[in-house]
Number of protein chains: 2
Amino acid sequence: MAPSDPLTQIDPVVRPTIADQVFDALYARVLSLDLPPLTKLSEAEVARQMGVSRQPVRDAFYRLSKLGFLIIQPQRATTVSQISARDVSRARFIRSTIEIRIVRRASGGLADDDIAALERILSDQLGALEADERARFHRLDDAFHQRICEAADLGFAWDVIRETRAHTDRVRYLSLGTGSRRAYEDHRRILDSIIARDADGAERALDDHLAQIDKIVAGLRARNPTWFSEEE
Amino acid sequence: MAPSDPLTQIDPVVRPTIADQVFDALYARVLSLDLPPLTKLSEAEVARQMGVSRQPVRDAFYRLSKLGFLIIQPQRATTVSQISARDVSRARFIRSTIEIRIVRRASGGLADDDIAALERILSDQLGALEADERARFHRLDDAFHQRICEAADLGFAWDVIRETRAHTDRVRYLSLGTGSRRAYEDHRRILDSIIARDADGAERALDDHLAQIDKIVAGLRARNPTWFSEEE
DNA sequence: CTTCACAAACTGGTATGTTAGTATATCAGG
DNA sequence: CCTGATATACTAACATACCAGTTTGTGAAG
């Protein structure tokens, strides 16, 4: 074989394990509050219901506990965590801190095709908003923020943001339609500021945008107090 | 019992599991490069050597892989990861972004006892520097940064920083004495700026301080190329 | 010496048995 | 009814066994 062509290194990580599948299934059910906070889960019981052994369930439990979705109490029980207003607030602090720096950098000037892609996401989002397609709206919301990260050549930052986001995701899921119009307008304002290369404006718009989550939490908490942990 | 004293809720998480111990042991050995990059580890082999079953070893492996210390390739091997200059740089970006915001807030004014505590850490650090006690110097380095977080009432941020720090920790360990004097002086400058309520000065001092890591990586890489992964 | 089929020795993922700690049901004594 | 000891039924942590892939050693063919 000619050494001129080094071929391409193949990535041997393709097979989704059973543990992955259990994780995904539980993640979706916790996120959607199909498994509401304080629900007790048992490795053995989940394994039985899913028709697998306890081992992959255990792996999945552990991963979910790392995300803050499950609380594992050895020899006692594993329960779906309550939503902590404090943790949501902290996650927002971390996220906004990182993302503000990113939009400021983006405000230094973006490539035309990045701006075009962001515009496309925004118009799609407007479509989703008017059609009341909430799941699609949220997907596009993420896509918008992610695209900004990538455009600023800081794509890895999105991975960090996503991890801190687990706490807030259930809140977002709960909020569903509420505040969508506002969210869309916030995005519009952020992009406009970036295009105008107005870093301060972009920062303000983004900070306002992310600050909404705390208000949403307060509203939800009033209606579903048992889903939230009560720390001062 | 008088209801006037609600006692204190006990936290049922006190027992360090075997998995924890395996994790700690491996963490220390990877960090110290006692297990250098590209070392192959086997669940079975480690379990045998430590006299435990594969199960807790497996848990520990998974945690270490999440930190980026191990690369698990199913059915193939688990190896100690190489140090990625790119990942170190990215971790620094995340860290400096968060920590800059923190020192800026701290520059808004700190309580007297916080400043006193920071001064004490600094003088201890000077002592460690002159006595060439490197491990203690590094511990105090962390303590300094952590204390600033706590003083700014953002103690949780330190937990986030610590997680992103795994990538950089091996580099720090390798660097040992080099740059300690410089690090101490950076700390001095940061604290002085905070005391003077000079947010911009504190930001500059911190950013310079954290930027050192990239220089250190370059130097180490030249001497130990096999420990580093070569991406572009 | 090189090539290559193939067996043997690995790997981590999965299944299941065992152990020790915890919560709860039960019931005797008041 | 209440109290408190104790048996029972849980729990997750840990140990062991097996599986399906992958790598590697080996030796015959060329």
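What you see below is based on every heavy atom in this structure, not just the backbone, and it leaves out hydrogens, waters and symmetry mates. Every chain is numbered from 1, with letters handed out A, B, ... down the list of sequences.
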[atom1] of [X] versus [atom2] of [N]: gap in Å, rounded?
{"X": "Asp59(A)", "N": "dA13(D)", "atom1": "CG", "atom2": "P", "result": "11 Å"}
{"X": "Arg54(A)", "N": "dT14(C)", "atom1": "CZ", "atom2": "P", "result": "15 Å"}
{"X": "Arg58(B)", "N": "dA17(D)", "atom1": "CZ", "atom2": "C1'", "result": "15 Å"}
{"X": "Lys40(B)", "N": "dA9(C)", "atom1": "NZ", "atom2": "P", "result": "19 Å"}
{"X": "Gln73(A)", "N": "dG21(C)", "atom1": "CD", "atom2": "C1'", "result": "13 Å"}
{"X": "Glu43(A)", "N": "dA13(D)", "atom1": "CD", "atom2": "P", "result": "6 Å"}
{"X": "Gln55(B)", "N": "dT18(C)", "atom1": "CD", "atom2": "P", "result": "16 Å"}
{"X": "Arg48(A)", "N": "dT11(D)", "atom1": "CZ", "atom2": "C1'", "result": "16 Å"}

Worksheet item: Salt bridge or not for Arg139(A) and Asp142(A), using N-O below 4.0 Å?
Response: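 Result for this pair is no, no salt bridge flagged.
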
Practice prompt. Look at Asp124(A) together with Arg120(A) and state whether they make a salt bridge at an N to O cut-off of under 4.0 Å.
Written response: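 No salt bridge links Asp124(A) with Arg120(A).
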
On a heavy-atom basis, which atom in Phe228(B) and which in Gln82(B) lie closest, and how many Å separate them?
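Looking at all heavy atoms of both residues, the shortest contact is O-NE2, 3.4 Å.
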
Review point. Within the distance-only criterion (no hydrogens, no angle test), does the side chain of Asp20(B) pair as donor or acceptor with the backbone N or O of Thr17(B) below 3.5 angstrom?
Key: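 Yes, Asp20(B) side chain to Thr17(B) backbone: donor-acceptor pair under 3.5 Å.
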
task: Go through dA12(D), dT22(C), dT11(C) for me and flag the one nearest to the Pro74(A) side chain.
output: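 The answer is dA12(D), which lies nearest to the side chain.
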
- Query: Within the structure, does a side-chain N or O atom of Ser42(B) lie under 4.0 Å from either OP1 or OP2 of dT11(C)?
  - Reply: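 Checking dT11(C) against Ser42(B), a side-chain N or O does come within under 4.0 Å of OP1 or OP2.
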
* To do: Please determine if a side-chain N or O atom of Ser53(A) lies less than 4.0 Å away from the OP1 or OP2 oxygen of dT16(C).
  =>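 No, no such contact exists.
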
query = How is Ala47(A) classified with respect to the nucleic acid when contacts are heavy atoms under 4.0 Å: base, sugar-phosphate, or nothing?
reply =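 Here Ala47(A) touches no strand at all.
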
Exercise. If you look at every strand shown and take non-hydrogen atoms under 4.0 Å, does Ala19(A) touch a base, only sugar-phosphate, or nothing?
Worked result: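 Sugar-phosphate contact only - Ala19(A) comes under 4.0 Å of backbone atoms but never of a base.
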
| message | So, under a plain 3.5 Å distance rule, would you say the side chain of Gln75(B) forms a donor-acceptor pair with the base of dG21(D)? | response |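 By the distance-only test, no, there is no pair.
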
